[in-house]
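Quick note: numbers below take in every heavy atom, side chains included, and nothing from hydrogens, waters or symmetry partners.
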Amino acid sequence: MIKFENVTKKFDGFTALDDLTLEINKGSAYGLLGSNGAGKSTMLRLLTGVYKADSGVVSISGTPVYDNAGVKQRLIFISDETAQYSNMTLNNMKKFYKTFYPNFSDEIFTRLHGMLNLPLNKKTSSFSKGMKRQAAVICAIAARPEYLFLDEAFDGLDPSMRIAVKKMMIEAMADNEMTVVISSHNLKEVEEFCDTVGMLHQGKIVFTRDLSELKGNIHKIQASFDKELTKEDFPELDVLYIEYTAGLTYIIAKGDAEENLSAVKAKGPSFCDLIPLSLEEIFIYEMEALGYDKNQLDS
């Protein structure tokens with residue numbers, strides 16, 4: 001299990017993480033959501049021991065991560081930057097990973113390389129961003145870590161490569177009970193891959209929930225009334241957003257779906273129905289409730 005216990009991290013007076021407490025269960029695929037500057041990358045760098053917390057403890061299986069080589073052999077971090085491998089070939093990267101990860105599997109490396117067929121003896125500086133990402137994922141999974149952390153996991157990959165990389169990660173999770181933590185702006189990817197999500201805002205966790213539970217707790221209702229209604233007309237609902245357009249009222253509300261639907265129907269609409277919400281829509285409306293501009297988040 002991953003644990004953040006009352007963790008604070010500051011940079012030149014800016015508080016990136018503010019007394020953060022969070023648990024991530026072993027074997028889960030956890031998606032980190034949040035606007036730019038929310039603290040997602042800081043969390044990942046604390047998890048890998050790149051940063052040291054100013055206060056609090058970051059631990060894996062009860063053992064603090066920072067300055068602990070034994071714990072670090074059990075985890076790998078793939079950052080959004082791949083410049084550190086520019087002077088290496090894929091074969092060089094393989095040797096480099098084998099130096100630090102005694103469980104590295106040549107068999108897995110060969111099998112994964114066969115799926116993507118990257119050049120083995122060309123420097124990665126000649127690779128596209130997507131190819132660099134593929135190379136890092138191949139080596140990371142072949143190292144057989146217990147924990148894999150990714151910042152913008154699928155950035156730079158074309159659709160077919162996204163499918164291949166996801167397949168490799170899912171197989172590794174099944175084979176090794178690997179825990180994956182992903183920070184990504186691509187919420188569709190998070191929705192397709194992760195079983196649990198957490199949302200950061202100003203260095204604090206707003207929520208952390210099973211994805212199916214999260215999607216079951218926020219609903220969109222469209223209804224047709226003979227006049228425009230506002231949030232104040234639905235005091236019994238926990239309304240995140242309401243909009244009237246082209247004769248229809250759209251209501252985003254937390255709570256039980258049927259109870260919310262009944263409350264709207266009680267106002268006498270000529271038409272009323274539930275509409276499924278995507279994770280991206282849930283994120284936008286949650287962020288809007290925290291004071292962000294929906295139009296800026298949509299853009």
Requested in this report: May I ask whether Y241 and L248 are part of the same hydrophobic cluster, defined by side-chain heavy atoms of I, L, V, M, F, W, Y residues being less than 4.5 angstrom apart, directly or through others?
Outcome: no
Query raised in the report: With sequence neighbours left out, which residue pairs that include part of residues 216-227 fulfil the side chain to side chain donor-acceptor pair (under 3.5 Å) condition?
Result: S224-S270
Query raised in the report: What's the shortest heavy-atom distance between P145 and M178, and which atoms?
Result: O-CG, 3.5 Å
**Report entry** Neighbour count above 12 (heavy atom, 6.0 Å) for K26 NZ
**Finding:** yes
**Report entry** Stepwise side-chain contact (heavy atoms from CB on, under 4.5 Å) check, T42 with F11
**Finding:** CA-CA 10 Å; T42 300; F11 299 95; 3.9 Å; yes
Query raised in the report: Is there a path of hydrophobic side-chain contacts, each under 4.5 Å between heavy atoms of I, L, V, M, F, W or Y residues, that connects V197 with Y30?
Result: no
Report task. Mind running side-chain contact (heavy atoms from CB on, under 4.5 Å) on K3 and V57 for me, showing each step along the way? Result -> CA-CA 8 Å; K3 279 182 131 181; V57 178; over 6 Å; no
Requested in this report: Side-chain contact test, heavy atoms from C-beta onward, threshold under 4.5 Å: evaluate it for C272 versus L261 and give yes or no.
Outcome: yes
Report task. Output yes when a side-chain donor or acceptor of T179 lies under 3.5 Å from a complementary backbone atom of G27, and no otherwise. Result -> yes
Query raised in the report: Taking a hydrophobic cluster as the set of Ile, Leu, Val, Met, Phe, Trp and Tyr residues connected by side-chain heavy atoms closer than 4.5 Å, whether directly or through intermediates, do L279 and F207 fall within one such cluster?
Result: yes
**Report entry** Charged tip of K267 within 45° of F225 ring normal and under 6.0 Å
**Finding:** no
Query raised in the report: Within the side chain of H201, is there an N or O that forms a donor-acceptor pair under 3.5 Å with the backbone of A38?
Result: no
Report task. Among Y97, F104, F96, find the one that has a ring pair (Phe, Tyr, Trp, His ring centres under 6.0 Å) with F100. Result -> F96
Report summary line: The reported gap from NZ in K98 to CE in M93 (rounded to nearest 0.5 angstrom) is 14.5 Å
Query raised in the report: Got a donor-acceptor contact below 3.5 angstrom from the N25 side chain to the S28 backbone?
Result: no
**Report entry** In one Ile/Leu/Val/Met/Phe/Trp/Tyr side-chain cluster, 4.5 Å: L274, I251
**Finding:** yes
Query raised in the report: For Y147 and S61, what are the C-alpha separation, side-chain angles and deciding distance, and is it a side-chain contact (heavy atoms from CB on, under 4.5 Å)?
Result: CA-CA 11 Å; Y147 298 88; S61 300; 3.5 Å; yes
Query raised in the report: So which heavy atom on G49 is nearest to which on V65, and how close?
Result: N-CG1, 3.7 Å
Query raised in the report: Side-chain contact, heavy-atom cut-off 4.5 Å: V137 with L112?
Result: no
Query raised in the report: I78 versus R133: any side-chain heavy-atom pair under 4.5 Å?
Result: yes
Query raised in the report: How long is the gap from CD1 on I218 to CD on E281, to the nearest 0.5 Å?
Result: 11.0 Å
Report summary line: salt bridge (charged side-chain N to carboxylate O under 4.0 Å, His left out) pairs touching residues 181-197, sequence neighbours excluded, are R162-E189, K166-E189, K166-E192, E191-K215
Query raised in the report: How far apart are the closest heavy atoms of F283 and G34, and which atoms are they?
Result: CE1-N, 3.6 Å
Query raised in the report: With hydrophobic residues grouped by side-chain heavy-atom distances under 4.5 Å, do L32 and M199 end up in a single group?
Result: no
Query raised in the report: What pairs with T21 under side chain to side chain contact (heavy atoms under 4.5 Å, CB included), at least two apart in sequence or on another chain?
Result: N6
Query raised in the report: So do the side chains of E171 and R111 get within less than 4.5 Å of each other, counting heavy atoms only?
Result: yes
Query raised in the report: Within the side chain of T124, is there an N or O that forms a donor-acceptor pair under 3.5 Å with the backbone of F127?
Result: no
Query raised in the report: Taking T249 for the side chain and Y244 for the main chain, is one N or O donor matched with an acceptor at less than 3.5 Å?
Result: no
Query raised in the report: Side-chain donor-acceptor pair under 3.5 Å between S105 and E107, yes or no?
Result: no
Query raised in the report: If every non-hydrogen atom of S184 is compared with every non-hydrogen atom of V190, which pair is closest and at what distance?
Result: CB-CG2, 3.9 Å
Report task. Please determine which of V180, L75, I76 meets the side chain to side chain contact (heavy atoms under 4.5 Å, CB included) test together with F149. Result -> L75
Report task. Walk me through it: do I108 and D175 pass the test side-chain contact (heavy atoms from CB on, under 4.5 Å)? Result -> CA-CA 11 Å; I108 293 175; D175 292 342; over 6 Å; no
**Report entry** D233 side-chain N/O to T230 backbone N/O, donor-acceptor pair under 3.5 Å
**Finding:** yes
Query - Contact summary for L90 and C139, nearest pair of heavy atoms - result: CD1-SG, 3.9 Å
Requested in this report: Return yes if some donor-acceptor pair links the side-chain N/O of D54 with the main-chain N/O of K10 below 3.5 Å, else return no.
Outcome: yes
Query raised in the report: Going from CG on N68 to CD1 on I60, what distance comes out if it is rounded to the nearest 0.5 angstrom?
Result: 9.5 Å
Query raised in the report: Any idea which heavy atoms bring M131 and P119 closest together, and the distance?
Result: CE-CD, 4.0 Å
Report task. Say whether, by atom type as modelled, one donor and one acceptor occur between the side chain of K52 and the main chain of Y66 under 3.5 angstrom. Result -> no
**Report entry** Exercise: do N91 and T89 side chains pair donor with acceptor under 3.5 Å
**Finding:** no
Query raised in the report: Taking side chain as C-beta onward, heavy atoms only, is I205 less than 4.5 Å from L200?
Result: yes
**Report entry** Rounded distance (nearest 0.5 Å) linking atom CG of L17 with atom CE of M43
**Finding:** 6.5 Å
**Report entry** Spatial distance of atom NZ (K123) from atom CG (N87) [nearest 0.5 Å]
**Finding:** 5.0 Å
**Report entry** Spacing of CG belonging to L148 relative to OG1 belonging to T48, to within rounding of 0.5 Å
**Finding:** 11.5 Å
Query raised in the report: Considering the options I182, L44, V181, which one meets the side chain to side chain contact (heavy atoms under 4.5 Å, CB included) requirement together with D151?
Result: L44
